[in-house]
Amino acid sequence: MPELSAAETVRATDKTIHDIGSKWMLDPVISERGKELGYANPFAFYFAGRGGVLGDVDGSVVSAALGWFEPRTVRAMWDEGVAVAGAREAARRYARAFTAWGEERLPDDPRLCELAERVAGATEGSGLPLFCGWRAEPLPDSGPGRLLQVLQVLRELRGGLHLVATTAVGLAPVEAILTGDGEGTAKFLGWRGDFPDCAALKPRRAEAEEITDSLAAAVYERALSPSERAEFAGLVAKAGAAVLG
């Protein structure tokens with residue numbers, strides 16, 4: 001059977017898992033579902049829904065867990081969102097919205113779900129509050145909705161590891177954005193004003209990417225055998241093709 005190293009598995013899967021999450025998070029269908037559930041502002045639904053697994057906390061805690069968003073934006077949207085039905089209920093409404101999205105778009109793949117759950121279960125969660133919060137949430141019994149929620153857990157894993165890495169190399173949130181995706185993304189994430197020239201910090205960003213990949217590879221090394229990693233990569237690619245085209 002084909003085999004993959006843990007590092008090869010990171011390169012083969014993590015971006016696709018991220019992009020599947022971005023696809024449903026940005027889909028107007030999710031915003032419409034949020035409106036039906038009482039969240040007139042789609043950003044309030046996003047922040048309360050994604051961060052609601054942290055429980056009844058101050059917006060600054062959510063900002064710290066999310067990482068790269070402008071903190072005042074997070075606080076305002078969080079406060080507006082949790083005013084609807086509280087934090088934990090927001091998370092569960094958000095999960096119902098995106099698992100319903102998955103039921104219509106993802107293949108029913110119990111084997112991928114099994115392997116992804118093993119990856120999530122093999123992760124040491126220290127320093128990864130958002131990942132741990134989503135990992136602790138109840139899953140649908142089966143089907144594409146369960147798979148999408150597990151992939152959401154793995155997306156939060158990668159995001160959490162990257163936040164740990166950028167912090168470790170001394171990048172502030174806005175610096176991490178500007179050394180990677182640039183000013184357009186910084187503005188999308190709520191940052192305003194004149195942006196600093198971060199060109200000299202790009203080596204730190206490259207170091208953070210290497211650390212992130214290394215931390216993620218350690219999880220795959222623990223969770224899956226070389227042949228299972230190859231199988232996992234193939235199934236992630238298939239799910240990505242179904243959702244991303």
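Note that these values count all heavy atoms, side chains included, but never hydrogens, waters or copies made by symmetry.
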(message) Can you tell me how far apart CG (L189) and CD1 (I177) are? Round to the nearest 0.5 Å.
(response) 4.5 Å

(request) Using modelled atom types only, decide if a donor and an acceptor are shared between the side chain of R88 and the backbone of G55 within a distance under 3.5 Å. (result) no

(request) Verify side chain to side chain contact (heavy atoms under 4.5 Å, CB included) between M77 and Y46, making sure each step is shown before the conclusion. (result) CA-CA 8 Å; M77 294 299 98; Y46 169 82; over 6 Å; no

(request) Would you name the heavy atoms of D14 and A216 that are closest together and state the gap between them? (result) OD2-CB, 3.8 Å

(request) Tell me, with the steps shown, if D19 and K15 meet salt bridge (charged side-chain N to carboxylate O under 4.0 Å, His left out). (result) CA-CA 6 Å; D19 290 350; K15 185 179 186 302; 2.6 Å; yes

(request) Measure from the ring center of Y94 to the ring center of W24 and say whether it is less than 6.0 Å. (result) yes

(message) Using every non-hydrogen atom in the two residues, find where P138 and Q149 come nearest and quote the distance to one decimal.
(response) O-NE2, 3.0 Å

(request) Please confirm whether the backbone N or O of W101 pairs with a side-chain atom of E104, one donor and one acceptor, at under 3.5 Å? (result) no

(request) Measure the CG-CG distance between L147 and D109 for me, rounded to the nearest 0.5 Å. (result) 6.5 Å

(message) To check you understand the geometry: which heavy-atom pair defines the closest contact between D108 and G143, and what is its length?
(response) OD1-CA, 3.5 Å

(request) Please round to the nearest 0.5 Å and tell me the distance separating atom CZ of R229 and atom OG of S5. (result) 6.5 Å

(message) For a 4.5 angstrom cut-off between non-hydrogen side-chain atoms, does Y220 reach F232?
(response) yes

(message) Salt bridge or not between E117 and R146? Use side-chain N to carboxylate O under 4.0 Å.
(response) yes

(message) When you measure from the side chain of R105 to the backbone of A242, do you find a donor-acceptor pair of N or O atoms at a distance under 3.5 Å?
(response) no

(request) Determine whether L66 and L128 fall in the same hydrophobic cluster, where Ile, Leu, Val, Met, Phe, Trp and Tyr are linked whenever their side-chain heavy atoms lie under 4.5 Å apart. (result) yes

(message) Do S22 and R155 pair up side chain to side chain, a donor and an acceptor below 3.5 Å, judged on atom types alone?
(response) yes

(request) Enter the distance from E209:CD to T166:OG1 here, rounded to the nearest 0.5 Å. (result) 9.0 Å

(request) Compare all side-chain heavy atoms of T9 with those of L224 and state whether any distance is below 4.5 angstrom. (result) no

(message) Test of understanding: clusters of I, L, V, M, F, W, Y form through side-chain heavy atoms closer than 4.5 Å, transitively. Do W78 and F45 belong to the same one?
(response) yes

(request) Supply the atom-to-atom distance W68 CH2 to H162 NE2, rounded to the nearest 0.5 angstrom. (result) 5.0 Å

(request) Search all heavy atoms of P2 against all heavy atoms of A230 and return the closest pair with its distance. (result) O-CB, 3.4 Å

(request) Enter the distance from T73:OG1 to F188:CZ here, rounded to the nearest 0.5 Å. (result) 11.5 Å

(message) For a 4.5 angstrom cut-off between non-hydrogen side-chain atoms, does E175 reach R205?
(response) no

(message) Do E228 and L4 have side chains that approach each other closer than 4.5 Å (heavy atoms only, starting at C-beta)?
(response) no

(message) On a heavy-atom basis, which atom in A186 and which in L178 lie closest, and how many Å separate them?
(response) CB-CD2, 4.1 Å

(message) Whether E137 and R92 form a salt bridge (side-chain N of Lys/Arg under 4.0 Å from carboxylate O of Asp/Glu) is what I want to check.
(response) yes

(message) Could you tell me if the side chain of V219 sits less than 4.5 Å from the side chain of R222, heavy atoms only?
(response) yes

(request) Ignoring hydrogens and angles, tell me if any N or O in the side chain of E156 forms a donor-acceptor pair with the backbone of L130 under 3.5 Å. (result) no

(message) Using only atom types and a distance under 3.5 Å, with no angle test, would you say the side chain of R118 pairs donor to acceptor with the backbone of A223?
(response) yes

(request) With the side chain counted from C-beta on, respond yes when T13 and V10 share a heavy-atom pair under 4.5 Å apart, and no when they do not. (result) no

(request) Could you walk me through whether K187 and F195 pass side chain to side chain contact (heavy atoms under 4.5 Å, CB included), step by step? (result) CA-CA 10 Å; K187 291 176 182 177; F195 293 114; 3.8 Å; yes

(request) Using a strict 4.0 Å threshold on nitrogen-to-oxygen distance, state whether R111 and E231 make a salt bridge. (result) yes

(request) Output yes when a side-chain donor or acceptor of S214 lies under 3.5 Å from a complementary backbone atom of E210, and no otherwise. (result) no

(message) The test is side chain to side chain contact (heavy atoms under 4.5 Å, CB included); show your working for H18 and R158 and say whether it passes.
(response) CA-CA 8 Å; H18 174 275; R158 174 75 190 196; 5.9 Å; no

(message) Side-chain heavy atoms nearer than 4.5 Å, only ILVMFWY residues, links allowed to pass through others: does that put L112 and L139 together?
(response) no

(request) Tell me, please, which residues at least two apart from A100 pass side chain to side chain contact (heavy atoms under 4.5 Å, CB included). (result) none

(request) Would you name the heavy atoms of A165 and I211 that are closest together and state the gap between them? (result) CB-CG2, 3.7 Å

(request) Determine whether R204 and T179 make a side-chain contact, defined as any pair of heavy atoms from C-beta on separated by less than 4.5 Å. (result) no

(message) Counting C-beta onward and ignoring hydrogens, is there a side-chain heavy-atom pair between L115 and V119 closer than 4.5 Å?
(response) no

(request) Flag yes if V150 and L157 sit in one hydrophobic cluster, no otherwise; membership is Ile, Leu, Val, Met, Phe, Trp, Tyr, and two members link when side-chain heavy atoms are under 4.5 Å apart. (result) no

(message) Closer than 4.0 angstrom, basic N to acidic O: yes or no for D58 and R75?
(response) yes

(request) Examine distances only and state if a side-chain atom of R135 and a backbone atom of V153 form a donor-acceptor pair shorter than 3.5 Å. (result) no

(message) Tell me if a side-chain donor or acceptor on T212 pairs with a main-chain N or O of A208 at a distance below 3.5 Å.
(response) yes

(message) Walk me through whether T167 and L171 qualify under side chain to side chain contact (heavy atoms under 4.5 Å, CB included).
(response) CA-CA 6 Å; T167 302; L171 288 175; over 6 Å; no

(message) Testing the 3.5 Å rule here: is there a donor-acceptor pair between the side chains of Y39 and S31?
(response) no

